[in-house]
Protein chains: 2
Amino acid sequence: MPVTIKDVARAAGVSASTVSRALASPDLVHADTRERVRRAVAELGYHPNRAARGLITGRTGNLGLLVPDLANPFFPGVVKGVQARAREFDYAVFLADTDEDPAAEAGLVRNLSKQVDGLILCSPRMSEPEVRALSGDTPIVLLNRRVGRVPSVTVNSVDGLRHAIGHLTALGHRRVAYVPGPKVSWSNRERLRALRTATAEAGVELVETGNVVPRFSGGVAAADQVLATGVSAVIGYNDLVAIGMLSRLAARGVAVPGRISVMGFDDIVLSEMVSPALTTLAQPKEQTGRAGVDLLLQLLADPGHPIQRRELDSHLMVRDSTGPAPHP
Amino acid sequence: MPVTIKDVARAAGVSASTVSRALASPDLVHADTRERVRRAVAELGYHPNRAARGLITGRTGNLGLLVPDLANPFFPGVVKGVQARAREFDYAVFLADTDEDPAAEAGLVRNLSKQVDGLILCSPRMSEPEVRALSGDTPIVLLNRRVGRVPSVTVNSVDGLRHAIGHLTALGHRRVAYVPGPKVSWSNRERLRALRTATAEAGVELVETGNVVPRFSGGVAAADQVLATGVSAVIGYNDLVAIGMLSRLAARGVAVPGRISVMGFDDIVLSEMVSPALTTLAQPKEQTGRAGVDLLLQLLADPGHPIQRRELDSHLMVRDSTGPAPHP
DNA sequence: TTGAAAGCGATACCAT
DNA sequence: ATGGTATCGCTTTCAA
């Protein structure tokens, strides 16, 4: 039913080989022939079957993208970036939502790996050895995670947090709490590490609370404990957690930022919509996605290439949820 | 490099045909042989190349999904539903974000159609004739839209809105405003239609304002006009619009629901997080996605089937943003 | 019950 | 500059 290369060849009065050539390397065929082929293609509405092409070229023109949870507004941003960049290079994108399940990840990867030229794993939850093993089989790029020499796109947390802590100290804060996300999250470990550095440099005392789920509910759950520590400012693992705290604090009638300042990570759209609007360290979501595609394509073009790492910058978005520390 | 059917055949000491058979229709091969093949497959970690299989069977085992904008929290919900259901049937999903661009839609569809068995178009913005044309070429299922006899999954707005209006009248509201979304949105037209029915039945006066973009900013932009109409309750095109209104009303010091009650559509997670929490007509997002997959697979299995339409129910989530109408 | 051979749609190599 | 042919990995007749 669909039109094949043979149909075009017949219509143009040439061989299939010539049609293929006219499309792939136009300068190798006579101008007249090229024109006849071009016309036949347009007339019949021919589009080459990518699967068939992939069979012989070994290139599918597809790439795979795995994300832990699309319901977390952070990930759609990354997905959009990947989509947009991939489309520019005429790549189609397989998307899989792993539902935060490390076991599902490996399965999905295996399933997809045959149909794609490479995979982009966004914040994968699987273990390092698993990532390494995968990286041996298929070209992969990591987003928001670093594992050995696997190509990756990450965000520089230290610089951003230095800025953030600077902001807080300028407002008079001397004791700051951090509400950490999942222990298995690389980002969480990284943020904690960077936070220790930044606070140490600034002479600020860092108070760490227990780990929470990286959602609104996690923030709600953490708020009371944070308050009990007596800090004047708190940083949540991500915006959802921070907003959860905001909600619980409001319910308890605690003034933000009057009594306590609150900060998050990511800058999801939601952050501007809550009241008070959330001060947050913005992660370059779409840019992360785009850079991931770039790295992957580079890897495909030149597999022997040395390590590829891109580190992007985060930006502090100061909004109403942070203010002067209360006088003791 | 990757292990092919021949490798398995060699390892098992049989022909490729037998391996294929042992996998596809196990009952056609001798138990012993089947076992040897099974072992070889496991040993070598063989996974059939779907593209090659698709070439001959005409089935790719993939399906395509188009959404207007992943940044709108409504769509990730649908995507998750599609993903989950597709995975149950061992289908992989191509995802494309069309960025609300009707022109991009057609191109993406054409691009994807060769690599998938069928397409799911979620809230497509393209014109009806375009949808019909596409539907002729490729099996497609529509989500949140109905066009002629094209299979579709939609939500019954009338029943839900009857419930919603009943809720408002019970609270004493007699004049209600609706802030409509994009004119090109089928959902918007449908909601408006259903709203007219429901309000007429209940003897409630419906006030319609100008169309807004279906985002937070649209709600912010509409709030002042709504207030000026003097209604005691307002329904936004979706939750984002409603939350935008909430924000603007709060900024102006207008009490919600004291002075005016606010309602939305969708029940995105955000709705529970704002303050006051938003009363909303919940759309079955994941279920819509799952139903879409079911319809598509049914269509693929039996293309001559009569029209397929699934209509799902919405549910009213009553939260703090709606309350008794103020005394006049 | 099994194997040999043809063929899906496209590309690449080798002739011409 | 162009056509013929082998091939990619797999499924599906057709014989045996």
Side-chain angles (χ1 to χ4, degrees), chain A residues 1-38 40-41 44-62 90 92 110-117 138, chain B residues 1-38 40-41 44-62 90 92 110-117 138:
Chain A
M1 194 76 239
V3 28
T4 78
I5 199 170
K6 287 185 182 172
D7 301 323
V8 178
R10 198 175 314 120
V14 298
S15 75
S17 321
T18 302
V19 174
S20 175
R21 237 173 280 136
L23 267 38
S25 12
D27 32 318
L28 288 182
V29 318
H30 193 83
D32 299 354
T33 319
R34 196 192 312 151
E35 180 52 23
R36 294 223 307 289
V37 170
R38 207 195 50 69
V41 165
L44 300 176
Y46 168 72
H47 288 271
N49 181 324
R50 289 170 151 233
R53 170 188 292 167
L55 211 49
I56 183 138
T57 61
R59 285 281 171 106
T60 61
N62 299 146
D90 205 31
R110 296 245 143 65
N111 215 310
L112 250 43
S113 64
K114 282 296 198 319
Q115 318 195 60
V116 301
D117 296 336
T138 315
Chain B
M1 195 74 238
V3 27
T4 78
I5 198 171
K6 287 185 181 171
D7 301 323
V8 178
R10 200 175 312 120
V14 297
S15 75
S17 327
T18 301
V19 175
S20 175
R21 239 174 271 133
L23 266 37
S25 10
D27 32 319
L28 288 183
V29 314
H30 193 84
D32 298 356
T33 320
R34 195 192 313 153
E35 180 54 23
R36 294 223 308 287
V37 170
R38 206 196 49 70
V41 165
L44 300 176
Y46 168 72
H47 289 272
N49 181 324
R50 290 171 149 231
R53 169 187 293 168
L55 211 49
I56 182 147
T57 61
R59 285 283 173 103
T60 61
N62 299 146
D90 206 29
R110 296 244 144 63
N111 212 310
L112 249 44
S113 63
K114 281 296 198 317
Q115 317 196 61
V116 301
D117 296 335
T138 315

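Labels below follow one simple rule: chain letters A, B, ... track the order of the sequence lines, proteins then strands, and each chain is numbered from 1.
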**Q** Heavy-atom distance under 4.5 Å between the side chains of B:K6 and B:R10, does that happen here?
**A**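 In short, these two side chains touch, coming nearer than 4.5 Å.
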**Q** Using modelled atom types and a 3.5 Å cut-off, is there a donor and acceptor pairing between side-chain atoms of A:R53 and backbone atoms of A:P48?
**A**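 No, because the side chain of A:R53 does not come within donor-acceptor range (under 3.5 Å) of the backbone of A:P48.
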**Q** Ignoring backbone atoms, test whether B:T57 places a side-chain nitrogen or oxygen under 4.0 Å from the OP1 or OP2 oxygen of D:dT12.
**A**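 No.
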**Q** Need to verify one output field. Residue with the more 5' nearest nucleotide on DNA chain D, B:R53 or A:A52?
**A**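 First, find each residue's nearest nucleotide; the 5'-ward one identifies A:A52.
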**Q** Measure from CZ on B:R59 to P on C:dG9 and round the result to the nearest Å.
**A**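 Rounded to whole Å, this separation is 16 Å.
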**Q** For the helix from C:dT1-D:dA16 to C:dT16-D:dA1, what angle lies between the axis at the first five pairs and the axis at the last five pairs, to 10 degrees?
**A**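 End axes: 40° apart.
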**Q** When you measure from every atom of DNA chain D, which of residues 20-32 of chain B have a heavy atom less than 4.0 Å away?
**A**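 Those residues are B:S20, B:R21.
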**Q** Between C:dA5 atom C1' and B:I56 atom CD1, what is the distance in whole Å?
**A**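 After rounding, the reported distance stands at 11 Å.
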**Q** Could you tell me the separation between the NZ atom of A:K6 and the P atom of C:dA10, rounded to a whole number of Å?
**A**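 So the two atoms are 10 Å apart, to the nearest Å.
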**Q** Considering heavy-atom distances to DNA chain C, does A:S17 or B:S15 have its closest nucleotide positioned more toward the 5' end?
**A**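 Of the two residues, B:S15 wins.
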**Q** Output the rounded distance in Å from CZ (B:R50) to P (D:dT11).
**A**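 B:R50 atom CZ is separated from D:dT11 atom P by 11 Å.
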**Q** Between the main-chain N or O of A:G54 and the side-chain N or O of A:T60, is there a donor-acceptor pair closer than 3.5 Å?
**A**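 Absent.
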**Q** Just checking A:V19: base, sugar-phosphate only, or nothing, at a heavy-atom cut-off of under 4.0 Å?
**A**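 Touches nothing.
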**Q** Using a 4.5 Å cut-off on heavy atoms from C-beta on, say whether the side chain of A:N111 contacts that of B:D90.
**A**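 Counting from C-beta outward, B:D90 and A:N111 do come under 4.5 Å.
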**Q** Side chain of A:R50, backbone of A:G61: donor and acceptor closer than 3.5 Å?
**A**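 Yes, A:R50 side chain to A:G61 backbone: donor-acceptor pair under 3.5 Å.
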**Q** Side chains of B:L55 and A:N49: does their closest heavy-atom pair fall under 4.5 Å?
**A**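 Result yes, sub-4.5 Å side-chain heavy-atom pair found.
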**Q** Taking only side-chain nitrogens and oxygens of A:T18, does any of them come within less than 4.0 Å of OP1 or OP2 of D:dG3?
**A**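 A:T18 to D:dG3 OP1/OP2: side-chain N or O found under 4.0 Å.
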**Q** Between the side chains of A:S20 and A:S17, is a donor N or O closer than 3.5 angstrom to an acceptor N or O?
**A**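 No donor-acceptor contact under 3.5 Å links the two side chains.
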**Q** So how far is it from A:L28 CG to A:R34 CZ, rounded to the nearest 0.5 Å?
**A**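 Result: 9.5 Å between the selected atoms.
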**Q** Got A:V37 and A:V29 here, is their nearest side-chain heavy-atom distance under 4.5 Å?
**A**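 No; the side chains remain at least 4.5 Å from each other.
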**Q** When the distance from CG of B:L55 to C1' of C:dC8 is rounded to whole Å, what number comes out?
**A**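 So the two atoms are 4 Å apart, to the nearest Å.
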**Q** Tell me the interatomic distance from A:I5, atom CD1, to D:dC8, atom C1', rounded to whole angstroms.
**A**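 These atoms are roughly 15 Å apart.
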**Q** When the distance from CZ of B:R10 to P of D:dG9 is rounded to whole Å, what number comes out?
**A**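 Nearest whole value for this atom pair: 11 Å.
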**Q** Would you mind reading off the distance between A:E35 atom CD and D:dA1 atom P, rounded to a whole angstrom?
**A**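 In whole Å, D:dA1 P and A:E35 CD are 17 Å from each other.
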